Amino acid sequence: MSDHSTLKRYLGNRKGSLGLAILVVLVFMAVLAPVISPYKATQIDPTAILQPPSAKHLLGTNEVGEDILSLIIWGSRISLLVGFLATFVAVLVGTAVGVVAGYIGGFTDEALMRITDFFLVIPAVVLAIVVAAVLGNTLLNVILIIGLLSWPSTARVVRSATLVYKQMPFVEASKCAGAGTAYILRRHILPNVLPLVYANTSLTIANSIFTQAALVFLGVGDINDISWGQILHFAYASGAITAGDYWYAIPPGLMIVVAVLGFALTGYALDEVLNPKLKAGVVFESA
Amino acid sequence: MGRYIAKRALTSIITFFAVLVLTFILFRLLPGNPVLLLFRNPQLTQQQIAQLSAQFGLNRPLYEQFILFIVNVFRGNWGLSFYYRAPVTQVLFPALLNSIILILPSTILAILIGVGLGVISGWKRNTLTDMAVLSSSLVLYAIPTFWLGILLIMLAVRIGGIPVSGMLSIGVSFTSPTQYLGNLLRHLLLPMITLTLVTLGQFSIIMRTSVINELTEDYVVAAYAKGMSESRLIRKHVVPNALLPTVSIIAISIGTVVAGAVLTETVFSWPGVGTLIYDSIARRDYPVLQGAFLIVALSVIISNFIADLVYAYLDPRVKYS
Amino acid sequence: MEVNPLSEYLVSGVNLTKHFESRRSPIEFLTGRRPPPIRAVDGVNIEIQRGEILALVGESGSGKTTLGRLLLLLEKPTSGEVWFDGQRIDNVGSRTLRAYRRRMQMIYQDPYGSLNPKLRVSEIVSEPLRVNGIEVKKDRLAEYLAVSGLRPPEKFLDRYPHELSGGQRQRVAIARAMILEPEFVVADEPVSMLDVSLRSEILGVIKRFNQMLKTSFLLITHDLAVAAQVSSRIMVMYLGRVVEEGDTLGVLRRPKHPYTQTLLSVVPRLGGSLPKTLPKGEIPSAKNIPSGCRFHTRCAYALPVCSTDEPELRLVDGSHVSCHFAEQILSGSTKQSTS
Amino acid sequence: MSLLDIENLKVYFATRAGIVRAVDGVDLSVGTGEVLGLAGESGSGKTTLGYALMRVLPRNAKLDGRIIFEGRDLLSLSATEFNRVRGREIAMVFQGSMNSLNPVVRVEDQVAEPLILHGGLSEDEAKKRARELLAEVGVSEDKAKSYPHELSGGLKQRVAIAMAISTRPKLLIADEPTTALDVVTQAQILRLISELRDRFGLSVIMISHDLSLLSEVCDRLAIMYAGKIVEVGSKVEVVNTPEHPYTQALLASIPSVERVGEDSTSIPGEPPDPINPPSGCRFMPRCAYARSECKEFNGYLYELSSTHRAACVLVGGKPIERVPR
């Protein structure tokens with residue numbers, strides 16, 4: 001399948017193009033934050049404390065007089081950064097574990113899968129809270145923790161795909177021709193397995209953004225780094241919620257929803273496009 | 001089936017053992033671990049330090065410390081809470097009960113509604129109904145638990161009369177069990193809605209995918225060719241098969257349900273394990289944190305094992321092998 | 001390494017046996033008992049001469065695929081020896097084996113699974129050259145594709161497998177197997193997943209390579225019509241044992257073993273009719289092999305002795321047959337029990 | 001009188017690449033108690049034709065023409081009305097028995113299902129009847145409670161057949177009923193279908209790529225190429241005096257135990273693209289007798305005898321102006 005037609009089919013997918021559009025907007029927002037944000041993130045307007053939206057502050061202000069819109073624009077940086085970096089760690093570890101377990105099999109597989117099951121079963125958010133509480137709340141720690149807790153799903157997907165391709169005749173034919181393990185992995189296993197990883201990656205980013213927001217909301221992670229979760233943390237902690245200050249509480253949450261949706265949609269669309277079901281199915285009559 | 005259950009039980013035991021190892025590493029071995037912090041307390045007397053060392057076996061080799069740790073866990077000797085100055089188990093178990101009151105009905109509701117919606121969505125795929133169900137499921141999946149809680153709190157405050165925090169009204173003495181129960185249920189309302197909604201979306205998506213996959217199977221065409229209606233086909237043939245992968249995936253995602261529960265409890269100050277974890281972090285109450293982590297992990301492992309049993313019951317290929 | 005320079009055969013298997021252990025149930029594990037192994041190949045002697053096409057025939061479950069894989073050492077024999085070009089190769093190290101590997105190749109049944117969907121035809125066919133550090137010449141690729149019947153070859157070099165039909169894929173798979181000019185090729189049901197109308201053409205490709213490169217083929221098939229078209233010799237297997245072996249014409253015109261007769265009777269013939277007698281039931285499991293003659297449970301001629309004494313492979317009328325009554329069956333003096 | 005008359009049947013699929021004309025104007029009839037063999041290469045549309053008769057087609061399919069079954073046009077029935085025909089009067093045995101049974105339902109329950117749906121039997125009666133049916137097709141009592149994965153391929157195919165004939169249908173469509181089965185099992189299954197025909201006067205459409213196999217069990221043979229019937233006739237007519245060049249090539253390509261060491265000839269080229277089939281005779285690009293008139297040919301089936309027809313301009317030298325009815 002040429003890359004051209006894959007792209008075309010992706011863009012033809014409604015979920016895919018919506019997801020991609022969201023991602024493009026988000027990335028622009030993060031990159032251009034200094035340009036598009038009306039104020040510096042931490043710039044305080046002492047005349048406007050907890051003000052509802054106005055011409056001066058389009059989304060109002062918080063309890064110290066910071067502009068919510070600016071906070072949200074700057075906050076996209078941390079949310080996306082954590083999402084991408086944590087996922088990078090997760091996919092790297094997950095793919096390596098999955099391929100090794102699936103291809104080598106036997107005891108190695110059994111041991112690696114027990115470890116994977118373990119991490120899959122352990123509630124990641126709870127473990128992250130505990131680890132962060134013990135290790136300290138730096139951004140790097142949060143990224144590493146989320147990354148190192150998110151690889152199991154990738155590992156499982158990669159392993160089961162590796163198992164399928166490992167026993168394909170074309171792999172044995174390659175062995176018969178004299179190919180070594182490294183060659184087979186590089187040439188035959190990975191090119192077939194990676195399309196599954198792409199879709200999974202997108203979902204992992206969504207989950208990482210999610211987890212980061214949850215952690216910061218609970219006060220785990222550096223409370224001084226501006227992120228959507230952090231804005232919500234202060235909104236909740238300052239009592240703005242029960243006071244009904246909707247402008248403070250709604251926009252950051254909405255951003256998380258939109259970002260997670262964007263990556264999730266992209267992931268589902270990638271899965272549909274890259275890993276199409278061979279059979280059309282569908283038997284019901286329309287005639 | 002016996003072989004399958006034995007295997008899964010063994011896996012669960014191994015996983016729990018791994019949890020113990022991880023807990024030991026986290027709380028005892030990592031730099032800056034709580035036990036070390038404990039000793040840095042300048043107010044401790046020489047005698048107290050000696051007593052603590054003996055309690056944790058710090059003067060013994062590492063493997064003995066580990067064995068001591070395991071023995072203590074199984075004896076129910078989970079240490080003393082710094083904050084409550086009471087045994088951790090005494091602090092934990094009431095909280096665990098409260099968590100179960102919230103999580104169990106929410107999860108059951110979420111599974112029932114989610115799976116039901118997934119079936120409809122998959123059956124009517126690419127129709128308006130499907131679009132509606134799928135997009136709401138996706139949005140529910142994308143909503144952060146705590147934010148949904150926040151939205152509901154704001155809504156409830158505006159409406160008034162719906163409790164947004166705690167499990168029972170404070171300072172009220174209940175005269176009858178019905179009154180008590182009624183108060184509890186009113187407090188349960190918002191947290192339960194939150195937890196149900198945020199977990200429901202993913203179950204619906206999983207079931208939809210599963211139903212669509214089943215619909216491409218040859219046996220479905222063959223069954224349809226017998227001359228049955230679509231609804232019977234879905235009921236008798238598609239759903240029983242589609243449930244199998246769904247049960248496995250739901251089992252795996254029990255961890256996320258628990259995470260959702262922690263956040264829900266925190267937002268609504270529901271006095272469960274989640275809130276306890278949140279409070280313990282702020283209070284640096286590491287013994288409680290360690291205990292809470294163990295209890296959460298154990299619950300997830302047990303839930304997984306139950307899901308495995310359900311799977312074995314549903315799939316004759318496991319049941320009769 | 002054991003050497004036998006006098007061997008006239010290119011490949012031979014001596015007393016080859018392959019038993020697969022089945023998994024133990026918890027009860028068996030606790031009591032220390034082992035479940036009966038799957039006796040896929042159970043003491044087979046096979047020789048393949050240089051340049052010949054030997055057809056290995058039997059139902060699935062007869063052990064023919066396992067035997068083919070044992071000869072290529074893709075499976076490790078439980079016991080017995082594999083000899084190639086005068087040298088014993090089942091006990092050599094992996095490095096030595098790798099040098100032999102490229103002299104022996106395999107062609108698979110499934111034309112869909114045997115080609116990597118992510119690679120172009122040119123990459124697939126040139127892979128054996130590349131992994132062996134041989135320079136890839138476009139002419140050579142084109143030549144092998146053309147001999148395989150993909151003409152003009154230039155049209156196919158840049159295609160992906162999903163752009164090819166089943167028959168075309170199988171041609172690519174054959175070209176890949178042949179490009180190293182192997183001396184021995186195991187073709188495992190190379191045409192059974194293809195339309196009948198394509199089969200003779202693909203078999204023709206195998207025959208062309210056999211003549212062009214003097215390659216020996218072990219052609220595994222369940223269809224005697226396929227064996228008839230290209231093989232010079234036929235070996236019939238049943239439940240892990242050889243039941244009949246002889247030159248193609250002899251086996252097809254004067255089958256001596258009741259099992260061979262059965263296989264021959266069920267081959268569909270144009271304008272023919274269904275055979276009057278069919279063996280009862282299905283091939284038994286290789287876990288639970290019948291005593292005596294392994295075929296006696298389904299044999300129309302079976303007598304009490306067949307369930308107790310296992311017949312030896314012996315020479316009858318130019319073929320090797322393992323049946324107590326081969327002579328009588330051949331002369332038609334034995335009655336069939338009605339089934 | 002014929003049981004089934006297919007008139008100008010078309011099945012088109014709307015796909016990304018264009019419209020696939022899988023079945024493109026097929027006329028065919030099946031008599032009561034007759035076994036009709038439908039032969040063709042992969043992609044010729046023979047399986048789609050079978051699916052169209054059952055009206056089990058993907059959503060992107062468009063169906064046109066008439067399927068007259070016992071005087072009724074099946075295509076004019078509503079989906080609910082057709083549910084009373086499907087599985088009751090017309091039943092199908094699908095290719096790949098291993099996949100056509102529900103993996104989590106006991107086989108006796110699967111066989112009983114049509115009886116509950118159409119026969120109005122209670123669950124217990126239906127199960128009892130199902131066990132009898134299974135015994136009739138050679139699945140022993142002790143296997144009736146099995147799940148599909150516990151049975152061999154041959155037994156699963158017998159279950160599929162029991163399921164199909166449980167309501168005593170008048171027409172059975174058997175799509176490649178023996179692929180993936182062993183040669184001996186294949187013969188056993190074919191014999192079973194023949195016996196069922198003899199016992200119940202069942203009409204059968206048997207679909208296969210293997211003309212020699214069809215010729216052993218069928219009364220009449222129809223040859224399909226690129227969505228069209230190119231030749232139809234009695235078994236003897238088609239096998240012994242094939243008139244269409246494609247039928248001739250197909251017959252000559254079949255390996256045979258009778259011809260040891262002989263190369264069978266093969267059909268050159270590949271089947272046409274179903275989205276852009278060649279105009280005129282679709283076999284022309286591969287035909288040894290192709291001539292200029294073939295480009296104008298409209299696919300008319302010329303009558304060679306009361307039973308034998310072939311769609312080729314060379315047949316009988318009759319003028320090609322004759323239009324199809």
Side-chain angles (χ1 to χ4, degrees), chain A residues 1-9 95 99 102-107 109-110 158 160-199 270-271 273-280, chain C residues 65 68-69 72-75 94-95 97-120 123-134 158-163 169-170 172-180 182 184-186 188-190 193:
Chain A
M1 210 160 308
S2 74
D3 294 325
H4 182 69
S5 81
T6 308
L7 182 71
K8 224 164 134 188
R9 278 190 301 143
T95 308
V99 166
Y103 196 78
I104 294 177
F107 177 76
D109 180 30
E110 194 65 27
V158 169
S160 55
T162 305
L163 282 177
V164 168
Y165 286 106
K166 179 176 93 169
Q167 49 90 37
M168 293 293 261
F170 64 75
V171 169
E172 195 178 272
S174 186
K175 258 187 243 169
C176 279
T181 305
Y183 178 90
I184 289 173
L185 286 179
R186 182 167 50 84
R187 200 72 180 147
H188 292 295
I189 305 285
L190 281 178
N192 283 295
V193 166
L194 284 181
L196 291 157
V197 174
Y198 299 146
L270 278 175
D271 191 43
V273 172
L274 293 172
N275 314 305
K277 300 280 169 291
L278 291 174
K279 284 177 284 184
Chain C
T65 295
R69 295 174 60 84
L72 294 181
L73 288 170
L74 291 169
E75 303 278 359
S94 60
R95 186 172 286 253
L97 187 60
R98 221 165 140 177
Y100 281 100
R101 271 277 149 78
R102 68 155 107 167
R103 299 168 66 185
M104 315 185 283
Q105 293 293 313
M106 179 137 175
I107 296 167
Y108 297 86
Q109 173 177 19
D110 175 11
Y112 292 85
S114 63
L115 306 181
N116 185 343
K118 301 284 173 189
L119 299 183
R120 294 170 196 275
E123 295 170 301
I124 292 169
V125 179
S126 65
E127 179 182 287
L129 300 174
R130 275 182 286 117
V131 298
N132 285 293
I134 301 168
D158 286 334
R159 291 214 189 151
Y160 285 96
H162 72 92
E163 297 168 316
R169 284 164 189 249
Q170 203 58 313
V172 172
I174 295 175
R176 170 187 56 194
M178 301 311 296
I179 200 149
L180 285 171
F184 175 50
V185 172
V186 174
D188 186 6
E189 298 275 12
M193 282 178 75

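Below, chains carry the letters A, B, ... as their sequence lines are ordered, and counting in each starts from 1. Small disclaimer: the values here were computed from a predicted structure and weren't measured.
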A:Cys176 vs C:Leu74, side-chain contact (heavy atoms from CB on, under 4.5 Å): CA-CA, chis, key distance, verdict: CA-CA 9 Å; A:Cys176 279; C:Leu74 291 169; 4.0 Å; yes
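- Options C:Leu119, C:Ile107, C:Leu72 differ in how many heavy-atom pairs under 4.5 Å they form with chain A, and the most are formed by C:Leu119.
- A salt bridge is absent between A:Arg187 and C:Glu127; no separation between the charged side-chain nitrogens and carboxylate oxygens falls under 4.0 Å.
- Contact check for C:Arg176 versus A:Phe170: side-chain heavy atoms found under the 4.5 Å cut-off.
- Annotation for C:Ser114 and A:Pro169: closest pair CA-CB, 3.8 Å, computed over non-hydrogen atoms.
- Considering all non-hydrogen atoms of both residues, A:Pro195 and C:Lys118 come closest at CG-NZ, 3.9 Å.
- Closest heavy-atom contact between A:Ala173 and C:Tyr108: N-OH, 3.5 Å.
- Ranked by heavy-atom pairs under 4.5 Å with chain A, the first of C:Leu115, C:Asn132, C:Asp110 is C:Leu115.
- Of the atoms belonging to C:Arg69, it is side-chain heavy atoms, and not backbone ones, that fall under 4.5 Å from chain A.
- In terms of modelled atom types and a separation under 3.5 Å, the side chain of A:Asn192 and the main chain of C:Pro117 share no donor-acceptor contact.
- When each of C:Gln109, C:Arg130, C:Arg102 is scored by its heavy-atom pairs under 4.5 Å with chain A, the top score falls to C:Arg130.
- At distances below 3.5 Å, not a single donor-acceptor pair connects side-chain atoms of C:Arg101 with backbone N or O atoms of A:Lys175.
- Contacts between A:Glu172 and chain C at a heavy-atom distance below 4.5 Å involve backbone atoms as well as side-chain atoms.
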